[in-house]
Amino acid sequence: MADMRNIVILTGAGISAESGIDTFRDAGGLWEQHKVEDVATPEAFERDPDLVLRFYDMRREAIQAKQPNAAHEALAKLDAAWDGGLLIVTQNVDDLHERAGASRVLHMHGTHLNAWCTACDMRAKWTGPMLDRPACPECGERALRPDVVWFGEMPYEMDRIYASLRKADLFVSIGTSGAVYPAAGFVQEAREMRVRTLELNLEASMGSRWFHESRHGPATQLVPQWVDEVLGG
Ligand code: BV8
């Protein structure tokens, strides 16, 4: 641990599961209720915008009623106490990391609580529905979409993520199945750059073989334990 200064943490739906937010692939998960190609692609939005906007309105409303859990709180504690480099790269579009108090957070797949105007490119905080085609506060056009990265779209801030991976001494993956790229490829890139890698997940994931160490169990147990180790608790 002594020579470890820079940490990159990747989080997925599993870290928010114990806050009551559906994961994607687990039993009863989002992708069991909806087909990806019907709700999370630009083509789907073109084809049936009502179906897509209703899907995101439902999720945007749901997450505002959920609370951060002990795993989010532990990462916020680490963020506040760690004077080395730290970046929490989340695939999640919920705001539970920030509501737990973390600040060094990057949403590579966007966020539910932002609207993006496809007419004037405005992006702004948005907590209400979009199905009724509200006017853009900037240009007045009725052309808002969720500010999330759909399949086939380029994830956000990839350069900043790769720059942090290049500087990292430790890469930790929490609550992700390793099914979606480019996020699922970060562990391999980290290994190629001789970065130590640790997985904290309920069960083995599609990328488990790439990790130096894998610990299996619920995030609300594994993450506070690991943070205490790092902070020398
Ligand atoms: C792109 C936002 C070009 C919207 C999301 C290479 C190979 C194959 C395919 C591709 C490839 N490269 C690109 C692709 C295509 C595609 C892709 O990966 N397809 C997959 C399905 C094969 N990727 C893309 O289209 C990406 N864009 O490639 O652009 C490009 C590429 C590179 C560089 C430049 C450009 C865009 C993908 C982003 C799509 N948007 N979300 C929304 O949320 O609605 S993805 C969405 O699904 C999430 O953000 C997340 O990324 C993913 C879900 O995965 P997880 O978060 O891991 O959740 P999951 O349910 O799967 O697993 C939960 C895990 O938690 C499980 O392991 C479980 O055991 C664990 N768990 C459960 N409970 C707990 C727990 N762990 C701990 N405690 C618990 N209590």
Side-chain angles (χ1 to χ4, degrees), residues 9-45 51-60 62-63 66 68-72 74-75 88-97 106-114 116 130 145-162 165 172-189 198-208 211 214-226:
I9 300 168
L10 175 70
T11 66
I15 199 170
S16 295
E18 294 163 88
S19 292
I21 294 184
D22 288 342
T23 63
F24 291 75
R25 283 171 183 72
D26 296 321
L30 279 169
W31 295 153
E32 271 189 9
Q33 305 151 33
H34 309 271
K35 290 211 298 304
V36 170
E37 54 277 12
D38 292 347
V39 291
T41 65
E43 296 76 20
F45 189 57
L51 178 68
V52 172
L53 292 174
R54 195 175 296 111
F55 173 66
Y56 284 96
D57 282 0
M58 176 266 289
R59 291 171 63 197
R60 185 176 313 106
I63 63 165
K66 308 296 184 192
N69 61 50
H72 298 107
L75 291 186
I88 300 168
V89 178
T90 188
Q91 300 167 79
N92 301 343
V93 289
D94 65 53
D95 63 338
L96 297 184
H97 281 302
L106 185 162
H107 286 264
M108 72 177 292
H109 293 163
T111 168
H112 268 318
L113 299 174
N114 254 17
W116 177 16
M130 290 182 193
R145 61 161 273 183
D147 184 14
V148 298
V149 176
W150 285 326
F151 286 89
E153 294 183 325
M154 171 75 89
Y156 294 158
E157 302 191 77
M158 289 301 292
D159 302 349
R160 189 173 156 215
I161 296 171
Y162 284 127
L165 279 174
V172 183
S173 177
I174 302 172
T176 185
S177 60
V180 173
Y181 287 78
F186 292 163
V187 61
Q188 288 152 289
E189 275 127 22
L198 168 66
E199 178 180 54
L200 306 177
N201 210 52
L202 190 62
E203 63 212 347
S205 72
M206 297 163 77
S208 288
F211 289 90
S214 283
R215 302 179 190 175
H216 296 153
T220 55
Q221 281 170 26
L222 294 182
V223 179
Q225 215 172 51
W226 170 69

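FYI, the numbering just counts along the sequence from 1. Every value quoted in this text rests on a predicted model; they were computed, and no experiment measured them. Whatever order the structure lists ligands and atoms in, that order sets their numbers, starting from 1.
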Of all the heavy atoms in [X], does at least one lie under 4.0 Å from an atom in ligand 1?
X: M108; result: no
X: G152; result: yes
X: S205; result: no
X: G217; result: yes
X: M158; result: no

Residues D57 and R60 bridged, charged N to O under 4.0 Å: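 The answer is yes: the pair qualifies as a salt bridge.
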Which of the numbered atoms in ligand 1 are under 4.0 angstrom from any heavy atom belonging to [X]?
X: R59; answer: 42 (C), 43 (O), 44 (O)
X: T23; answer: 60 (O)
X: P218; answer: 78 (N)
X: A17; answer: 73 (N)
X: E203; answer: 68 (C), 69 (O)
X: E18; answer: 78 (N), 79 (C), 80 (N)
X: G12; answer: 56 (O)
X: Q91; answer: 48 (C), 49 (O), 50 (C), 51 (O)

Heavy atoms from other residues, nucleotides or ligands near CE of M206 exceed 12 (cutoff 6.0 Å):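 No, the 6.0 Å shell around CE holds no more than 12 heavy atoms from other groups.
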D38 side, atom CG; F45 side, atom CZ - distance, nearest 0.5 Å: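 Answer for the CG-CZ pair, D38 versus F45, is 14.5 Å.
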With L75, the side chain to side chain contact (heavy atoms under 4.5 Å, CB included) member among I174, L96, V172, T90: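 The passing option is I174.
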Side-chain (D94) to main-chain (H112) donor-acceptor, under 3.5 angstrom: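 Such a contact is absent between D94 side chain and H112 backbone.
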Donor-acceptor under 3.5 Å (H107 side chain, N92 main chain):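 Confirmed, H107 side chain pairs with N92 backbone.
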Which is closest to [atom] in terms of heavy atoms, [options]?
atom: atom 55 (P) of ligand 1; options: T176, L202, L222, N201; value: T176
atom: atom 62 (O) of ligand 1; options: A184, S177, P182; value: S177
atom: atom 4 (C) of ligand 1; options: F151, Y56, Y181; value: Y56

Result of checking H97, H72, K66 against S16 for side chain to side chain donor-acceptor pair (under 3.5 Å):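 Only match with S16 under side chain to side chain donor-acceptor pair (under 3.5 Å): H72.
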Locate the shortest heavy-atom distance separating [X] from [Y]; write the atom from each residue and the value.
X: A179; Y: A184; answer: N-CB, 4.3 Å
X: A219; Y: A71; answer: O-CB, 3.6 Å
X: S208; Y: S214; answer: O-OG, 4.0 Å

Ignoring angles and geometry beyond distance, decide whether [X] reaches within less than 3.5 Å of ligand 1 through its nitrogen or oxygen atoms.
X: E153; answer: yes
X: A13; answer: yes
X: A219; answer: yes

A179 contact mode with ligand 1 (heavy-atom cut-off under 4.0 Å):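 Contact part for A179 vs ligand 1: backbone (N, CA, C, O).
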Aromatic plane relationship, Y162 with F186 - under 30° parallel, 30 to 60° tilted, over 60° perpendicular: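 If you compare the ring of F186 with that of Y162, the planes turn out perpendicular.
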Side chain to side chain donor-acceptor pair (under 3.5 Å) partners of residues 216-225, not counting sequence neighbours, each pair once: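 Sorted pair list: E18-T220.
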